[in-house]
K.L.:
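Would you mind keeping the following structure in view while I ask a few things?
Hydrogens, waters and symmetry mates play no part in the numbers below; they use all other heavy atoms, side chains included. In this chain, residues are counted from 1 in sequence order.
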Amino acid sequence: MTTICPTPKDAAGAAVTTPYNYNVFRAQGTSSDGTGTVQVEQQIAFAANIAAGGAIPNAALTAAGIVPMGGNYNVVANPNGGGPGVPVSVWSHSSVSGGGSASTCNQSGYDSQTSQCTSDQITSGGTMGLDVVQNDPYVSAGGRFPDDVFQYFFGVSADPTASPPGWQTVYNMAQQITDCSTLGPTSGGLIWYTGSLCDLPSNTTIGAATDDPATTATEGPVILVAQDANFKMNANTVFNGVIFLFSTASPPVSPGSVLLNGGPVVNGAFLANSGLDNLSGTYTVKYDASILAQLAPAPSGNNNNPINGHPADVPGSWRDF
């Protein structure tokens, strides 16, 4: 039976006031002699993967530490990342360095056929434009950069000193994998990788920009968390969604290697709660508001699409008859 639940809760346990569809699961058992029966009931709903305190990223690339941007990269700005009409491509608590054929551009300057910034460039080579926001102090020190990038995005404090650690809440909601080569077009939702190297497959699209109504499957973007791992994207890989390189150390430690080689493209956003000291390659990160909107925090993101949420018990709904 399907009905309407007025007060489900999101990933952080906060009440969501928007009406929410949920499913009622009932089970009934009868004693061996047939003289007794028992019935239990539980309501299950889909809640957003990003809690109400989380936020869609303000920049295409966000990192808490050093961001070296040499080589041949293209980063396409969030046109309103710094406020209406103020583009932001890269946002870092530390320094950002450029060089080579590196460039950033406005959305209008991006050629989707070549995945390049072909015009309307803001940053070129080692000359940083105003769209690159670097050395931004933490909020706690009077700046704007989040003290906890994990909490900034997911709405849940990473808090590695807690027992269990704060990030465990999000980990428990995710599809947990140990091999990133298994990801592909039908992947979607929150996926959490543990291991030494998250190595995405070549010549593959991972996740979908939108759900295809012509298919029976549910498609959508991916939130990929790579925990304490090196990271690699290979030639002609297109990733739709958010990549989060997450360090559980306190303070966070940069991955030993972040190699984006052969022209892979990220449509959405790329985040790290550490630095990207060892970032290299030829790549494109394009801020895609339409993809990110599908991952929006509750309550605007609450729906019954399993790509955008996770199954959760509706608090107080257990019944034992």
K.L.:
Side chains of Ser247 and Asn273: any donor to acceptor distance under 3.5 Å?
P.N.:
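The answer is no; no qualifying pair exists.
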K.L.:
Between Asn106, Asn78, Thr123, which is the residue that forms a side chain to side chain donor-acceptor pair (under 3.5 Å) with Asp131?
P.N.:
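Single pass found, and it is Thr123.
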K.L.:
State which residues pass salt bridge (Lys or Arg N to Asp or Glu O under 4.0 Å) with Asp136; sequence neighbours excluded, sorted by chain then number.
P.N.:
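Asp136 satisfies salt bridge (Lys or Arg N to Asp or Glu O under 4.0 Å) with Arg144 only.
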K.L.:
With distance as the sole criterion, is a donor-acceptor pair present between the side chains of Asp179 and Ser181 under 3.5 Å?
P.N.:
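Result is yes, a qualifying pair exists.
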K.L.:
Could you pull out the closest heavy-atom pair between Gln121 and Cys117, with the gap in Å?
P.N.:
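Minimum heavy-atom contact is NE2-O, 3.0 Å.
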K.L.:
So if you build clusters from Ile, Leu, Val, Met, Phe, Trp, Tyr with side-chain heavy-atom gaps below 4.5 Å, do Tyr138 and Val133 land together?
P.N.:
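In one cluster with Tyr138: Val133, yes.
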K.L.:
Do Asn74 and Gln116 have side-chain atoms, one donor and one acceptor, less than 3.5 Å apart?
P.N.:
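Yes - a donor-acceptor pair under 3.5 Å links their side chains.
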K.L.:
Would you give the length of the straight line joining atom OH of Tyr73 to atom OG of Ser280, rounded to the nearest 0.5 angstrom?
P.N.:
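Rounded to the nearest 0.5 Å, the OH-OG separation comes to 14.0 Å.
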K.L.:
About how many Å separate CD1 of Ile122 and CG of Leu130, when rounded to the nearest 0.5 Å?
P.N.:
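The CG atom of Leu130 sits 9.0 Å away from the CD1 atom of Ile122.
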K.L.:
Please report, to 0.1 Å, the donor-acceptor pairs under 3.5 Å made by any side chain of residues 262-271, with sequence neighbours excluded.
P.N.:
residue	atom	partner	partner atom	Å
Asn267	ND2	Asn240	OD1	3.2

K.L.:
Decide yes or no on side-chain contact (heavy atoms from CB on, under 4.5 Å) for Gln134 and His93, but give the supporting numbers first.
P.N.:
CA-CA 6 Å; Gln134 57 183 315; His93 170 64; over 6 Å; no
K.L.:
Would you call the rings of Trp91 and Tyr152 parallel, tilted or perpendicular, where under 30° means parallel and over 60° means perpendicular?
P.N.:
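Answer is perpendicular, since the angle exceeds 60°.
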K.L.:
Picking from Ile206, Asn261, Leu260, what satisfies side chain to side chain contact (heavy atoms under 4.5 Å, CB included) with Thr237?
P.N.:
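Of the listed residues Ile206, Asn261, Leu260, the side chain to side chain contact (heavy atoms under 4.5 Å, CB included) partner of Thr237 is Ile206.
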K.L.:
Over all heavy atoms of both residues, which pair between Pro160 and Pro165 is shortest? Give the atoms and the distance, please.
P.N.:
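The answer is CA-CB, 4.1 Å.
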K.L.:
Between Asp159 and Trp167, is any pair of side-chain heavy atoms under 4.5 Å apart?
P.N.:
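They are not in side-chain contact.
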K.L.:
Would you please test Asn135 and Ser95 for side-chain contact (heavy atoms from CB on, under 4.5 Å) and show each step?
P.N.:
CA-CA 5 Å; Asn135 298 311; Ser95 61; 4.0 Å; yes
K.L.:
Are Val96 and Val90 packed together at the side-chain level, in the sense that at least one heavy-atom pair is separated by less than 4.5 angstrom?
P.N.:
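Touching, per the 4.5 Å side-chain cut-off.
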K.L.:
With respect to Asn234, which candidate in Thr204, Asp199, Asn203 satisfies the side chain to side chain donor-acceptor pair (under 3.5 Å) definition?
P.N.:
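Passing option: Asp199.
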K.L.:
Can a side-chain donor-acceptor contact be found between Asn278 and Ser257 if the only test is distance below 3.5 angstrom?
P.N.:
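Distance-only check fails for Ser257 and Asn278.
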K.L.:
Please report the closest heavy-atom contact between Val88 and Gly82, naming both atoms and the distance.
P.N.:
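The pair with the smallest heavy-atom distance is CG2-N, 3.4 Å.
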K.L.:
Side chains of Tyr110 and Ser115: does their closest heavy-atom pair fall under 4.5 Å?
P.N.:
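SC-SC contact between Tyr110 and Ser115 confirmed.
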K.L.:
Can you check whether Ser274 reaches Pro255 side chain to side chain, under 4.5 Å on heavy atoms?
P.N.:
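Side-chain contact under 4.5 Å: yes.
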K.L.:
Quick one: pull up CZ in Phe246 and CG in Asp228 and give me the separation to the nearest 0.5 Å.
P.N.:
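So the CZ of Phe246 and the CG of Asp228 are separated by 7.5 Å.
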K.L.:
Might you point out which heavy atoms bring Cys198 and Ala229 nearest each other, and give the distance in Å?
P.N.:
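The answer is N-CB, 4.5 Å.
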K.L.:
Is the shortest side-chain heavy-atom distance between Val75 and Tyr287 below 4.5 Å?
P.N.:
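A side-chain contact under 4.5 Å is absent here.
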K.L.:
Mind checking the CD-OG1 spacing from Gln176 to Thr194? Nearest 0.5 Å is all I need.
P.N.:
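One gets 7.5 Å once the value is rounded to the nearest 0.5 Å.
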K.L.:
To the nearest 0.5 angstrom, please state how far the OG atom of Ser94 sits from the CG atom of Asp277.
P.N.:
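Nearest 0.5 Å value for the OG-CG distance: 8.0 Å.
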K.L.:
For the residue pair Leu183 and Leu200, establish whether any side-chain heavy-atom pair is separated by less than 4.5 Å.
P.N.:
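When only atoms from C-beta onward are counted, Leu200 and Leu183 do touch, with a gap below 4.5 Å.
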K.L.:
With sequence neighbours excluded, tell me which residues meet side-chain contact (heavy atoms from CB on, under 4.5 Å) with Asp148.
P.N.:
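In terms of side-chain contact (heavy atoms from CB on, under 4.5 Å), with neighbours along the sequence ignored, Asp148 is linked to Phe150, Gln151, Ser157, Ala158.
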K.L.:
How close do Gly207 and Val222 get, counting heavy atoms only, and between which atoms?
P.N.:
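So the minimum-distance heavy-atom pair works out to CA-CG2, 3.7 Å.
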K.L.:
Assess the side chains of Thr118 and Asp111: does a donor N or O sit below 3.5 Å from an acceptor N or O?
P.N.:
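The criterion, which ignores hydrogens and geometry beyond distance, is not satisfied for Asp111 and Thr118.
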K.L.:
Among side-chain atoms of Gln227 and Trp192, is any donor-acceptor pair under 3.5 angstrom?
P.N.:
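Note: Gln227 and Trp192 side chains meet the donor-acceptor criterion.
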K.L.:
Under 3.5 Å, side chain of Ser92 to main-chain N/O of Ile66, donor-acceptor pair present?
P.N.:
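Absent.
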K.L.:
So do Met233 and Val258 actually touch side chain to side chain, heavy atoms under 4.5 Å?
P.N.:
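No; the side chains remain at least 4.5 Å from each other.
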K.L.:
Out of Val225, Thr62, Ile223, which one pairs with Phe153 under the side chain to side chain contact (heavy atoms under 4.5 Å, CB included) rule?
P.N.:
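Running side chain to side chain contact (heavy atoms under 4.5 Å, CB included) over Val225, Thr62, Ile223 with Phe153 returns exactly one hit, Ile223.
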K.L.:
May I ask you to decide if Ala209's main-chain N or O and Gln294's side chain share a donor-acceptor pair within less than 3.5 Å?
P.N.:
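Yes.
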K.L.:
Using every non-hydrogen atom in the two residues, find where Gly85 and Pro87 come nearest and quote the distance to one decimal.
P.N.:
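Gly85 and Pro87 have their closest heavy atoms at O-CD, 3.4 Å.
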K.L.:
Going from OG1 on Thr205 to CG on Asn236, what distance comes out if it is rounded to the nearest 0.5 angstrom?
P.N.:
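Reported to 0.5 Å precision, the distance equals 10.0 Å.
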K.L.:
Would a 4.5 Å heavy-atom cut-off, applied to side chains only, mark Phe231 and Ile243 as touching?
P.N.:
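Phe231 reaches Ile243 side chain to side chain.
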